[in-house]
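Computed from heavy atoms alone, side chains included, the values below leave out hydrogens, waters and symmetry copies. Atoms within a ligand are numbered from 1 in the order they appear, just like the ligands themselves. Bear in mind the structure is a predicted one, so any value in this text is a computation, not a measurement.
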Amino acid sequence: MLELKGIKKDYPAGGGVVHALKGIDLEFRASEFVSILGPSGCGKTTMLNIIGGLDRYTAGDLVINGRHTDNFKDRDWDTYRNHSVGFVFQSYNLIPHQSVLQNVELALTLSGVSKKERRKRAREALIRVGLEEQINKRPGEMSGGQMQRVAIARALVNNPDIILADEPTGALDTETSVQVMDILKEISRDHLVVMVTHNPDLAERYSTRIIRMLDGVITSDSSPLSDEERKLELKAGNEKAAREKNLKKPSMSFGMSFGLSLKNLFTKKGRTALTSFAGSIGIIGIALIYAVSQGMTTYINTVQEDTLSSYPITLESQHMDMSSLLTTFMGTAESAEKHELDAVYQKTMVYNLINSLNSAEAQENDLRSFKEHLENTLKDEESELANAVNGVQYTYDMDLQVYTQSSDGTIIRSDSSALMQDMLIEYFGMDLTGMMSMSETYGMPMSSGMSISTWQQLLSSKNGDPVSPLLHKQYDLIYGSWPNDYNEIVLVVDENNEVDDMSLYALGLKTKQEIDDLSYAALNKEEMNTDHRSWSYEEICNMKFRVVLGSDCYTEDKSTGTFTDLRETQTGLKYLYDNGIELRVTGIIRPSEDAVSSMLTGAIGYTYMLTEYVIEHAKESVAVERQMSDDSIDIFTGLPFKENTGKMTDEEKVEAFKSYIASLNMKGKAEAYIAIMSIPSDEDLQKAVAGAMMGKTRADMEAVVAQVIAAQTGMGEDEIAGYLAPMADEEISET
Ligand code: ADP
Ligand code: MG
């Protein structure tokens with residue numbers, strides 16, 4: 001179900017503001033034929049464009065099958081426009097030199113289906129609008145009514161839920177208008193059709209519902225939804241959303257593996273991550289040399305202890321030998337060929353980098369046995385290990401979900417890394433989401449060093465005290481007390497009693513708007529408007545945080561017996577928040593002046609007890625119990641799991657590859673394109689995408705990339721080669 005809730009739209013105009021929409025509340029049925037009538041300038045087009053995701057609303061909310069769009073990203077809007085909406089305009093917008101069939105087919109390249117399938121679907125859509133005889137004609141050889149029908153076929157071919165038509169008959173005479181209306185009427189039997197028109201007679205005769213507008217508001221609605229209908233429509237919409245979610249999810253695992261082998265090599269971030277790892281070894285080395293030169297052995301011990309606590313020895317369940325990658329990266333690799341020192345020679349780097357990334361195989365560590373061993377050894381106070389080790393911390397593949405209420409009232413995830421990723425996408429078009437989780441998947445050592453997470457577990461002592469003596473040494477307690485239970489946390493400030501603004505956002509003390517203002521100021525090179533805000537220790541200790549158990553996010557729909565994710569709506573989020581585990585800030589800590597290095601990088605420290613509490617309680621959830629009781633049925637769909645989930649068919653791999661490419665921004669696409677072209681042999685190319693394109697040639701892969709780009713930009717495949725190749729050359733010569 002599509003719902004408009006208090007939608008307002010303001011346009012800045014000549015110093016003033018035009019209030020094009022002044023608060024529109026509407027609900028639409030999944031299939032009906034709605035006509036919008038009203039004088040010119042009353043906001044009809046504006047409303048249609050907002051419904052179709054072509055324009056953003058200023059206030060209010062557009063809810064699509066239960067999903068709020070107020071925090072939609074550009075990419076979400078793209079997906080919505082590409083999969084759920086078809087547009088028909090007064091002008092037909094057909095490409096004159098392409099045939100009718102090609103014009104309709106073009107719209108399908110967006111969804112990346114095969115050429116054969118595209119042709120088949122385009123033909124079906126044209127049959128539906130009664131043009132099967134005309135498919136090879138060019139638009140110029142057709143009447144206005146026929147051209148508009150081509151446009152309708154083009155809108156239909158992606159099988160959208162909604163057809164939006166803005167004065168589709170505006171340029172047609174009465175007779176041809178009737179043909180167009182007949183088709184729209186037929187379509188509205190299984191689609192929502194919303195049409196703006198100037199012709200009340202046509203609206204009266206064909207549509208099932210007439211909405212009149214005046215001056216940015218709705219003045220009448222011939223058939224609003226009854227309470228009963230609303231309930232039914234909402235339920236059907238939610239079910240549809242749940243089904244689609246399972247269908248459309250692109251394969252992360254594949255995107256990641258492709259991304260790791262190709263994309264990251266070409267991004268600065270990838271390089272930085274490796275340098276920071278190399279750097280972490282360096283810091284300890286330098287600190288030691290410094291200490292030795294000072295001739296103080298006790299100091300050496302402190303330095304060792306403090307620096308090691310910031311860069312602890314980490315064992316992960318998966319391990320990859322990165323040494324060959326590092327030597328290659330740092331340019332210390334052996335030179336392959338002998339030559340005189342009489343000219344400048346080439347040293348292979350790109351090839352070696354990709355090769356070492358590819359051949360590095362992940363090894364599994366038996367952490368379960370090791371943990372047992374560790375626990376037993378540490379019990380023995382005499383053991384060498386017990387004397388050498390300061391503390392052991394276990395981390396689990398657990399997503400600690402903490403929420404808080406921001407000062408503007410919205411409920412937000414208390415985590416600055418999510419904000420950081422959003423900002424990178426919003427302002428620079430970089431999407432590092434895959435990158436972050438990838439680093440963890442591949443056990444790359446940067447996950448601990450580069451953490452920008454707000455929440456961090458405190459190191460406990462060897463005997464189970466929630467706070468290790470090392471922390472007591474490194475930090476001064478400046479207010480309250482150290483945490484001592486699962487629901488107790490501390491705020492970590494820096495030497496100057498400051499907390500960075502990013503973390504302040506995550507703590508709910510700064511709003512997204514304030515963060516945006518700062519970002520805009522920086523982008524526009526404006527003076528920063530520093531407000532000297534401060535919070536009293538008491539205010540800090542009154543902050544409210546709630547932990548939501550992953551398993552609690554799913555609620556059972558009694559009628560269908562399936563589960564839905566409550567986090568998808570603000571109402572659901574509010575419910576989860578209100579019922580979450582309440583956390584209490586018990587104190588504030590600051591690095592002590594004597595500490596060489598302090599181990600906490602987050603703004604909030606919690607105890608291992610919270611981790612254990614969350615793990616224990618997740619087991620009790622209804623959703624988990626249900627899933628465990630029958631592991632063959634997916635509780636979200638009520639359907640059996642697809643067999644053999646780990647293995648993808650070749651077709652699925654190609655689809656995954658396409659959605660991965662489609663998810664990249666233009667620069668990312670160019671990089672993928674360059675990457676493919678710069679791999680020397682076809683064999684290596686095959687390896688580089690982890691066998692994902694098995695049996696596919698280089699030409700196939702280039703074609704896929706080009707096809708996806710064509711769909712998103714509307715460029716022809718030839719044009720793309722012309723467009724990307726120079727970009728690629730530039731990049732290569734730079735390298
Ligand atoms: P309709 O389709 O009903 O004729 P519109 O939705 O196009 O009306 O426009 C509603 C109001 O918003 C008009 O006053 C129009 O001038 C104004 N408007 C529409 N688009 C813009 C824009 N991009 N910038 C400024 N004002 C706009
Ligand atoms: Mg208009």
Pair [X] + [Y]: basic N to acidic O under 4.0 Å:
| X | Y | answer |
| --- | --- | --- |
| Lys235 | Glu239 | yes |
| Arg205 | Asp201 | no |
| Lys574 | Asp578 | yes |
| Lys22 | Asp215 | yes |
| Arg128 | Glu186 | yes |
| Arg230 | Asp227 | yes |

Among all protein non-hydrogen atoms, which one is nearest to [atom], and what is the separation to 0.1 Å?
| atom | value |
| --- | --- |
| atom 27 (C) of ligand 1 | Tyr11 CD1, 3.2 Å |
| atom 9 (O) of ligand 1 | Thr46 OG1, 3.6 Å |
| atom 3 (O) of ligand 1 | Lys44 N, 2.8 Å |
| atom 12 (O) of ligand 1 | Ala20 CB, 3.4 Å |
| atom 7 (O) of ligand 1 | Thr45 CB, 3.7 Å |
| atom 11 (C) of ligand 1 | Gly41 O, 3.6 Å |

Hey, is the main chain of [Y] close enough, under 3.5 Å, to the side chain of [X] for a donor-acceptor pair?
| X | Y | result |
| --- | --- | --- |
| Glu233 | Ala30 | yes |
| Lys44 | Leu37 | no |
| Asp10 | His19 | no |

Counting both backbone and side chain atoms, is some N or O of [X] under 3.5 Å from an N or O of ligand 1?
| X | answer |
| --- | --- |
| Gly43 | yes |
| Val18 | no |
| Cys42 | yes |

Under 4.0 angstrom from atom 24 (N) of ligand 1, is there any protein heavy atom? yes
Would you say atom 15 (C) of ligand 1 has a protein heavy atom nearer than 4.0 Å? no
OH (Tyr575) with more than 12 external heavy atoms under 6.0 Å: no
Just checking Lys185: does its NZ atom have more than 12 heavy atoms from other residues, nucleotides or ligands closer to it than 6.0 angstrom? yes
Keeping waters out of it, list the protein N, O or S atoms under 2.8 Å from the Mg ion (ligand 2). Thr45 OG1
